[in-house]
Amino acid sequence: MTTATLETPAHAGRRTRPFAWATQSLTLAWRNIVRIRQNPEALADVTFQPIIFLVLFLFVFGGAIAQGGDWHDYLPYLLPGLLVQTVVFSTMGTGVALNDDFAKGVFDRFRSLPIARVAPLIGAVLGDAVRYTLSIVILMTTGFVLGFRFQNGIGNGLLALVIVLLFALSMCWIWVWLGLSLKTAQGVQGVAFLVMFPLTFGSNVFVQTSTLPGFLQAFVKVNPVKYLVDTMRALMLGGDLQKPLLITLAWMVGLIAVFAPLAIRAYRRRT
């Protein structure tokens, strides 16, 4: 037996079934879901935070921003925007968890398995869809308790929830890439907050764009969060939908087209 034979992994040269990467990705996604079940405190940011944010911003800002000082009038405007902010903030957890897995050597095990290189990354993204969905359900339930209702039909309201979930899945590829590129989970989290705060607070989540100073309006008009929020409000409450929806879909495609290859390249370089 030659030295080359001894050094060749058992799975080398094994043919991969067509679309096997999809099955492998779903298996690894289930691993992430099981890990959530075993560590429920990791869900604190998507369970308690949406409730705290909604109650805090509604009653702190509602009296000052709403016409007549009635927070009931502010709730329909606030909730779609806060839904976007909450889900967008949740996406950074994907990168933090990936970085932590690398530090613990989990991906060394994945590297030794006969699976597609992209499967652990897609599995991480799909597994976190559970976190995003839970965040959406909790925030919307709290909103309904406070009196929020879909004013443009239940079907359009549910479509809005699907779109914000898909946007989160496309945006989390940014954090997958950063989670594989930066050295520590703390570094990923620090960079994420530096990006998230301008994107969410420098938008129309809490106030109308026309009330902002000119330089900030210019930033808001190129901010993808703004168009996602406009899409949510149009679907939930009624209004112009075509333009914000098309821009939002373009951003989703662009984020995946740019950052998914970067993430895969960073993964290959690191493994």
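Excluded from the calculations below are hydrogen atoms, water molecules and symmetry mates; all remaining heavy atoms, backbone and side chain alike, are included.
Checked against a 6.0 Å centroid threshold, the rings of F144 and F150 count as neighbours.
Summarising the geometry, atom OG1 belonging to T184 is positioned 6.0 Å from atom CG belonging to N99; distances are rounded to the nearest 0.5 Å.
Not counting sequence neighbours, the partners of F259 by the ring-ring contact (aromatic ring centres under 6.0 Å, His included) test are W177. In this structure, the ring-ring contact (aromatic ring centres under 6.0 Å, His included) partners of F197, at least two apart in sequence or on a different chain, are F89, F193, F201. In this view, W173 satisfies the ring-ring contact (aromatic ring centres under 6.0 Å, His included) rule with no residue, not counting sequence neighbours.
For residues 184-208, no residue pair satisfies the salt bridge (Lys or Arg N to Asp or Glu O under 4.0 Å) rule, not counting sequence neighbours. Residue pairs meeting the salt bridge (Lys or Arg N to Asp or Glu O under 4.0 Å) criterion with at least one member in residues 211-229, sequence neighbours excluded, are K226-D230. Evaluation of the side-chain hydrogen bond (donor to acceptor under 3.5 Å, both in side chains) test over residues 232-252, restricted to residues two or more places apart or in two chains, returns Y77-R233, T231-T248.
Looking only at side-chain heavy atoms (C-beta outward), L245 and I163 come within less than 4.5 Å of each other.
Not one N or O on the side chain of T86 forms a donor-acceptor pair closer than 3.5 Å with the backbone of L83. Not a single donor-acceptor pair under 3.5 Å links the side chain of Q85 to the backbone N or O of T200. A donor-acceptor pair under 3.5 Å links the side-chain atoms of N223 to the main chain of L199, judged by distance alone.
Other residues, nucleotides and ligands contribute at most 12 non-hydrogen atoms within 6.0 Å of the CZ atom of R265.
V207 and V222 sit in two unconnected hydrophobic clusters of ILVMFWY residues. Membership requires side-chain heavy atoms under 4.5 Å apart, directly or through other members.
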